[in-house]
Amino acid sequence: MKLHSNEVPSGKNYTLYKTLAIVFSLVILTVIPLLYNLINYYSVFILNNSPKSPSSPYSSSSSGNGNNGVFEKLSNYGKEEEEAECDMFVGEWIPNPNAPYYSSSSCWAIHEHQNCMKYGRPDGGFMQWRWKPDGCELPIFNPSQFLEIMRDKSLAFVGDSVGRNQMQSLICLLSRVEYPVDESYTADENFKRWKYKTYNFTMASFWTPHLIKANMGDANGPTKTGLFNLYLDEHDQEWTTQIDEFDYIIISAGHWFFRPMVFYENHRIVGCHYCLLPNVTDLGMYYGYRKAFRTAFKTINSLKNFKGITILRTFAPSHFENGLWNEGGNCLRTQPFRSNETQLEGHNLELYMIQMEEYRIAEKEGRRKGKKFRLLDTTQAMLLRPDGHPSRYGHLASENVTLYNDCVHWCLPGPIDAWSDFLLQMLKMEGIRSARDRLQFG
């Protein structure tokens with residue numbers, strides 16, 4: 001018998017229709033939450049990754065406070081995913097006439113020894129370059145976006161004076177939006193803590209040039225630069241007991257390992273680097289460098305209460321030419337190298353490879369323990385910038401200083417500002433990872 005459209009089926013047909021209706025309802029109830037999560041994911045992605053033009057990095061549409069770029073961002077989603085596969089640390093320096101984005105007179109955070117224009121550097125072209133990765137774009141640092149991403153978070157720089165150089169660069173770049181308030185817990189300038197009140201963002205620096213427990217054994221030593229005792233299997237409590245509260249730490253070290261050192265393990269001397277002590281084997285600086293990073297990373301992985309992300313900022317080469325730092329060497333170039341004009345070799349290559357090897361070991365162990373490690377690979381980019389150091393323009397010409405020609409640190413403003421371009425892009429990608437995890441695991 002035929003059924004009219006307003007009649008209800010009976011028997012087996014009724015059971016079948018009822019089953020189909022239940023299945024359809026379950027599908028709808030499942031899909032709607034997924035669509036909601038997907039929309040939420042897109043929203044996070046958009047807010048953290050609104051597109052920037054290198055020619056106008058601080059335009060109002062990119063401040064993170066509006067939704068002007070939402071639909072444009074959605075249309076570019078596929079392109080962004082492709083560019084995420086690009087290695088942003090491999091590329092060239094290209095001219096950027098819009099730089100710099102602060103001046104040596106407008107930012108009080110610049111250390112005197114990096115205030116190159118104040119001390120008479122005659123050329124300013126070294127400030128007008130930006131890093132262009134091969135195959136993709138790296139947006140110029142946007143201070144409003146950075147502070148919004150870091151709202152209610154904290155960042156610590158763990159390392160030597162080059163790490164402090166990076167922090168001062170970041171403070172100057174952020175000064176377009178806000179200056180921090182000093183909330184340091186000590187008068188020691190090696191341990192600073194800054195607070196961006198509007199964003200509840202804390203930034204700190206921990207002085208630890210060898211990353212591990214160390215002290216001065218002899219103020220002079222063989223090279224008149226000090227002889228240091230390094231306890232290769234002991235962590236430095238000055239920072240390892242302080243980082244539990246931080247969301248991100250940027251760890252770095254390098255140049256202090258060129259100085260004479262005595263190595264201790266299990267409370268006894270096992271060797272040294274150029275210590276010239278009787279009956280002590282010279283193991284070379286690479287031995288101490290590897291063990292220092294290994295101990296630092298192991299300590300981080302052992303911290304039960306540290307839930308943050310550890311970022312290794314790789315070694316930034318110095319550029320002494322025509323002599324060592326204490327033998328008249330200098331850095332007088334005024335333009336960057338092209339990538340085919342120089343290569344990583346010698347000490348620079350060895351230190352970089354040690355860092356990478358120890359990082360991979362720590363990252364693998366960290367993954368097993370639920371810790372996160374990330375790589376801020378500045379080595380190749382900075383190898384190409386022999387023009388960016390203070391040289392003799394980090395002090396008065398009449399001033400008697402230890403490092404007379406400074407080819408280790410970086411002028412501010414200068415090429416080190418690009419490290420914040422890298423860092424912000426990494427934070428964006430971290431936001432994408434987090435959103436994906438939330439989408440995947442609910």
Side-chain angles (χ1 to χ4, degrees), residues 33-34 37-38 40-45 47-49 81 84-85 87-89 146 148-159 163 166 193 199-206 208 211-213 232-253 290-314 354-378 422-442:
L34 286 175
N37 282 336
L38 185 60
N40 184 54
Y41 164 72
Y42 273 127
S43 300
V44 173
F45 180 81
L47 290 174
N48 287 345
N49 282 286
E81 283 295 281
E85 300 302 319
D87 186 347
M88 66 178 170
F89 303 119
F146 179 89
E148 196 59 54
I149 290 174
M150 295 300 287
R151 184 183 290 276
D152 301 322
K153 292 184 174 63
S154 54
L155 167 67
F157 293 87
V158 176
Q166 180 183 5
R193 192 168 294 222
Y199 297 87
N200 191 32
F201 165 50
T202 299
M203 186 157 56
S205 64
F206 294 95
T208 175
L211 299 181
I212 54 174
K213 180 181 175 181
L232 300 179
D233 52 356
E234 299 184 48
H235 61 270
D236 181 359
Q237 294 188 18
E238 292 283 6
W239 67 270
T240 55
T241 59
Q242 300 273 342
I243 63 167
D244 282 352
E245 64 189 89
F246 286 89
D247 297 287
Y248 300 90
I249 64 169
I250 299 178
I251 189 169
S252 60
R290 183 181 295 280
K291 286 295 186 77
F293 268 99
R294 185 170 297 179
T295 295
F297 285 149
K298 279 186 174 180
T299 302
I300 292 170
N301 273 329
S302 70
L303 295 175
K304 294 182 179 179
N305 295 324
F306 176 63
K307 308 300 182 184
I309 296 175
T310 302
I311 300 173
L312 169 64
R313 196 270 298 158
T314 61
I354 289 171
Q355 282 186 319
M356 295 300 289
E357 290 162 5
E358 293 304 316
Y359 168 83
R360 290 191 184 103
I361 293 170
E363 194 275 335
K364 183 178 180 180
E365 176 66 13
R367 229 181 311 131
R368 191 178 66 81
K369 293 185 173 183
K371 307 278 188 189
K372 294 181 180 179
F373 285 80
R374 303 289 184 255
L375 191 66
L376 175 53
D377 193 344
T378 60
F422 291 136
L423 179 60
L424 177 53
Q425 190 67 9
M426 291 173 67
L427 293 174
K428 290 177 182 179
M429 298 309 298
E430 204 61 47
I432 295 173
R433 287 191 188 98
S434 297
R436 284 174 178 163
D437 290 345
R438 288 196 298 273
L439 184 62
Q440 182 177 357
F441 302 110

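One is the number of the first residue; the rest follow in order along the sequence.
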**Study point:** Charged N-O contact under 4.0 Å between E430 and K153
**Key:** no

Review point. Short question: side chain of W239, backbone of L211 - any donor-acceptor pair under 3.5 Å?
Key: yes

Practice item. Can you measure from CE (M150) to OG1 (T202) and round to the nearest 0.5 angstrom? Key: 9.5 Å

Exercise for review: Could you tell me whether R368 and E365 make a salt bridge, using a distance below 4.0 angstrom between a side-chain N and a carboxylate O?
Suggested key: yes

Revision key, fill the gap. Distance col, row Q355:CD vs F297:CZ, nearest 0.5 angstrom, shows 7.5 Å

Study note, to complete from the structure: Residues Y248 and I311: closest non-hydrogen pair is CD2-CD1, 4.3 Å

Review point. Who are the salt bridge (Lys or Arg N to Asp or Glu O under 4.0 Å) partners of E238, not counting sequence neighbours?
Key: none

Review point. Taking atom CD of Q237 as the centre, does the number of heavy atoms from other residues, nucleotides or ligands within less than 6.0 Å exceed 12?
Key: no

Review point. What is the distance from atom CD1 of I249 to atom CZ of F206, rounded to the nearest 0.5 Å?
Key: 9.5 Å

Practice item. With sequence neighbours excluded, give me every side chain to side chain donor-acceptor pair (under 3.5 Å) pair touching residues 293-307. Key: R294-E358

**Study point:** With sequence neighbours excluded, residues passing side chain to side chain donor-acceptor pair (under 3.5 Å) with D247
**Key:** S154

Revision key, fill the gap. Between the OG1 atom in T240 and the NZ atom in K213, the distance rounded to the nearest 0.5 Å is 11.5 Å

Review point. Is a donor on one side and an acceptor on the other found under 3.5 Å between the side chain of K371 and the backbone of F306?
Key: yes

Practice item. Verify, without hydrogens or angle tests, whether Y359 (side chain) and F373 (backbone) share a donor-acceptor contact under 3.5 angstrom. Key: yes

Exercise for review: List the atom of A296, the atom of I251, and the distance in Å for their closest heavy-atom pair.
Suggested key: CB-CD1, 4.1 Å

Point to revise | Heavy-atom pair with the smallest gap, counting every atom of Q166 and F157 | key: CD-CE2, 3.5 Å

